[in-house]
Protein chains: 2
Amino acid sequence: MGRRILKYAILGLLSKEDMSGYDITSEFKQAIGQFWSAKHSQIYVELKKLVSEELISQYIQMAGVKLEKKMYRITPKGKKELQSWLLKIDEQLETEKDVFALRVYFLKDIPSEEVLWLFFNQLKRKSEKLSFLKEQFSLHFGEKDPINLDVEELGHYFVLTKAISREENYIIWLNKSIEIIKKRIADKSFGEN
Amino acid sequence: MGRRILKYAILGLLSKEDMSGYDITSEFKQAIGQFWSAKHSQIYVELKKLVSEELISQYIQMAGVKLEKKMYRITPKGKKELQSWLLKIDEQLETEKDVFALRVYFLKDIPSEEVLWLFFNQLKRKSEKLSFLKEQFSLHFGEKDPINLDVEELGHYFVLTKAISREENYIIWLNKSIEIIKKRIADKSFGEN
DNA sequence: ATTTAACATGTAAATAATTACATGTATAAT
DNA sequence: ATTATACATGTAATTATTTACATGTTAAAT
């Protein structure tokens, strides 16, 4: 935190095409939302700030008869700031937070009969997420070879493959852990009998 | 963020053994720091809050002649709250934020001659992190079979294997992406000549 | 002996982010 | 026609987190 990531996320999205606050909110439910996300309340405030900083400009687009949709467009100044940020290297790798892993660290305080259920529950959620991501992938890329992809699509391709492999890896770890837990339970009841 | 994760992270750590604020800060530089972390300024404030909530208690331990180290111990009330939190399921999976992936999504705005360097840089950092984690692992577990591990150590084992596989997976993705980028560059210069 | 690094604890200010409150339009389904 | 859902935008209050400021002790290295 504290590095105005949302600012650059918005500039990056607007660099591709003009969008409304609602559109940006929706983007964070798609591929890029796997790696950065914000609520609409934060987005609308940030958009106003970016306008005041002259990094983006605003115009009205009618949606229906009465609904004035506020569209935003990146300015040359905004584009420049985005490009310079994209080349910046973060001083240190930030913590990729994961509350499930935190809970697992405190395993000894979880009743042993509940542990397996917790892992299976996480497995279910992660499997669902993986399905969603794979669907997204086949929808956008199908059997396409990334070598031939337009550079406009390549970022999306990389990010989707990253998200998919992350979930696959998570699931593998969950299954391995489940096996260990099961084996420990089996060994224990054997010892007890 | 609004779910007081740090509160439970501290309770979980204190559930294992009494610690000072400094000790907790140090823990976040070890294995669990891969999945949750906080700065000392936040930790000291949270500790005082937890004392006022009677979830932990404080006592003094002399370190040297003058240095009064403030130690914290979890109370039965604190233990109870921890255990109930550990069984709670998060309503929805939160975004596992990753600024590098965000930058990659905006690839089209990065000069093509800089892209490879960015990926290689990330590869270097992630490889270093992986080495650190593997060192931690062999230090704590060596060739031990997780089946025979004490339940006190099992959480640590799972978290370390999770952190290691996450980094390994990240590195695989980076290498695959680098190959694609290289191939695209080769194809392009072939076409241009 | 002196310096450096690690140990140790705090507060204040600013920023980032969430949750809750608040309102209205357009479209699809029933 | 009515209802539900998606589209659309905002503010206020609260909480979480970082950065900067501030100080002192202990142990190890030179």
Side-chain angles (χ1 to χ4, degrees), chain A residues 1-11 18-30 33 35-53 56 58-72 90-97 99 102, chain B residues 1-11 18-30 33 35-53 56 58-72 90-97 99 102:
Chain A
M1 242 189 279
R3 293 158 296 148
R4 293 197 69 190
I5 308 296
L6 180 59
K7 165 182 169 179
Y8 298 105
I10 290 174
L11 290 178
D18 293 3
M19 284 185 187
S20 67
Y22 189 86
D23 294 334
I24 292 167
T25 307
S26 306
E27 283 294 319
F28 286 135
K29 287 162 190 156
Q30 306 300 315
F35 299 103
W36 201 265
S37 161
K39 310 284 183 196
H40 78 271
S41 53
Q42 197 188 357
I43 291 164
Y44 287 116
V45 172
E46 187 66 31
L47 281 168
K48 298 209 161 178
K49 196 171 178 185
L50 292 175
V51 169
S52 81
E53 291 173 318
I56 63 176
Q58 191 230 79
Y59 61 97
I60 300 291
Q61 197 173 75
M62 293 310 291
V65 212
K66 294 172 112 181
L67 218 181
E68 297 190 344
K69 205 172 157 178
K70 292 191 181 174
M71 298 297 288
Y72 295 91
D90 299 291
E91 335 65 48
Q92 37 178 354
L93 294 169
E94 72 252 69
T95 298
E96 288 175 61
K97 294 185 171 182
V99 175
L102 180 66
Chain B
M1 248 168 258
R3 290 160 301 149
R4 292 197 69 189
I5 309 294
L6 179 59
K7 165 182 169 179
Y8 298 104
I10 290 174
L11 290 179
D18 294 3
M19 283 185 188
S20 67
Y22 188 86
D23 294 334
I24 292 166
T25 307
S26 306
E27 282 294 318
F28 286 136
K29 287 163 190 156
Q30 305 301 314
F35 298 103
W36 201 265
S37 161
K39 309 285 184 196
H40 79 271
S41 52
Q42 196 188 358
I43 291 164
Y44 286 117
V45 171
E46 187 66 33
L47 281 168
K48 297 207 163 180
K49 195 171 178 186
L50 293 176
V51 169
S52 80
E53 291 173 316
I56 63 176
Q58 190 231 79
Y59 61 95
I60 299 292
Q61 197 175 74
M62 294 310 293
V65 212
K66 294 171 112 182
L67 218 181
E68 298 190 343
K69 207 174 155 176
K70 293 192 180 172
M71 299 298 289
Y72 295 91
D90 298 290
E91 334 65 50
Q92 37 178 356
L93 293 170
E94 73 254 70
T95 298
E96 289 175 59
K97 294 185 173 181
V99 176
L102 180 66

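Below, chains carry the letters A, B, ... as their sequence lines are ordered, and counting in each starts from 1.
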In sequence, state the C-alpha distance, the side-chain angles, and the governing distance for Glu46(B) and Arg4(B), and then conclude on side chain to side chain contact (heavy atoms under 4.5 Å, CB included). CA-CA 10 Å; Glu46(B) 187 66 33; Arg4(B) 292 197 69 189; 2.6 Å; yes
Begin from the C-alpha positions of Leu47(A) and Lys70(A) and carry the test side chain to side chain contact (heavy atoms under 4.5 Å, CB included) through to its verdict. CA-CA 10 Å; Leu47(A) 281 168; Lys70(A) 292 191 181 174; over 6 Å; no
Starting from the C-alpha separation in whole Å, work towards a yes-or-no answer on side chain to side chain contact (heavy atoms under 4.5 Å, CB included) for Lys97(A) and Ile5(B). CA-CA 10 Å; Lys97(A) 294 185 171 182; Ile5(B) 309 294; over 6 Å; no
Where do Gln61(B) and Asp18(B) land on the side chain to side chain contact (heavy atoms under 4.5 Å, CB included) test, with the steps shown first? CA-CA 11 Å; Gln61(B) 197 175 74; Asp18(B) 294 3; over 6 Å; no
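Straight-line distance from the CZ atom of Arg3(A) to the P atom of dA14(C): 21 Å, rounded to whole Å. At whole-Å resolution of the value, CZ in Arg4(B) and C1' in dT17(D) are 14 Å apart. As a whole-Å value, the separation of Ile43(B) CD1 from dC7(C) P is 15 Å. One interatomic measurement links the two molecules: CG of Leu50(A) to C1' of dT15(C), which rounds to 15 Å at whole-angstrom precision. Summarising the geometry, the separation between CZ on Phe28(A) and C1' on dC7(D) is reported as 18 Å, rounded to the nearest angstrom. Remark: C1' of dT17(D) and CD of Glu94(B) are 16 Å apart, rounded to the nearest angstrom. What separates CD of Glu46(A) from P of dT18(C) is a distance of 13 Å, to the nearest Å. One atom, CE of Met62(A), and another, P of dG24(C), lie 16 Å apart when rounded to the nearest Å.
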Any N/O pairs under 3.5 Å between the protein and nucleotides 26-30 of chain D? List them or say none.
from	atom 1	to	atom 2	distance (Å)
dT26(D)	OP1	Val65(B)	N	2.8
dT26(D)	OP1	Lys66(B)	N	2.6
dT26(D)	OP1	Leu67(B)	N	3.1

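With distances taken from any side-chain atom of Tyr22(B) to the nucleotides dA6(C), dT11(D), dG10(D), the minimum falls on dA6(C). Of the candidate nucleotides dT9(C), dG10(D), dA17(C), dA17(C) has the atom lying nearest to any side-chain atom of Trp36(A). For Tyr44(B), the side-chain atoms get nearest to dT9(C) when compared with the rest of dT9(C), dA16(C), dC7(D). Listed nucleotides: dA17(C), dA6(D), dA8(C). Nearest to the side chain of Leu6(A): dA17(C). Residue Gln42(B) has its side chain nearest to dT17(D) when only dA20(D), dT17(D), dT18(C) are considered.
Between Thr95(B) and Trp36(A), every side-chain heavy-atom pair lies at or beyond the 4.5 Å cut-off. Using a 4.5 Å heavy-atom cutoff, the side chains of Tyr72(A) and Leu50(A) are not in contact. Side-chain atoms of Leu102(B) and Tyr8(A), non-hydrogen and from C-beta on, never get closer than 4.5 Å to each other. Counting heavy atoms from C-beta on, the side chains of Ile60(A) and Met71(A) never come closer than 4.5 Å.
Taking the C1' atoms of five terminal pairs at each end of the helix from dA1(C)-dT30(D) to dT30(C)-dA1(D), the two resulting helix axes are inclined by 40°, rounded to 10°.
To the nearest 0.5 Å, atoms OH (Tyr59(A)) and NZ (Lys69(A)) are separated by 9.5 Å.
Judged by distance alone, the side chains of Ser26(B) and Asp23(B) never bring a donor and an acceptor atom under 3.5 Å apart.
At least one side-chain nitrogen or oxygen of Lys97(B) sits closer than 4.0 Å to the OP1 or OP2 atom of dA17(C). Under 4.0 angstrom from either OP1 or OP2 of dA8(C) there lies at least one side-chain N or O belonging to Lys69(B).
Between Ile5(B) and His40(A), the one whose closest nucleotide on DNA chain D sits nearer the 5' end is His40(A).
No donor-acceptor contact under 3.5 Å links the side chain of Ser41(B) to the base of dT17(D). Between the side chain of Ser20(A) and the base of dT9(D), no donor-acceptor pair under 3.5 Å is found.
Note on Lys48(A): only backbone sugar-phosphate atoms sit closer than 4.0 angstrom, heavy atoms only; bases stay farther off.
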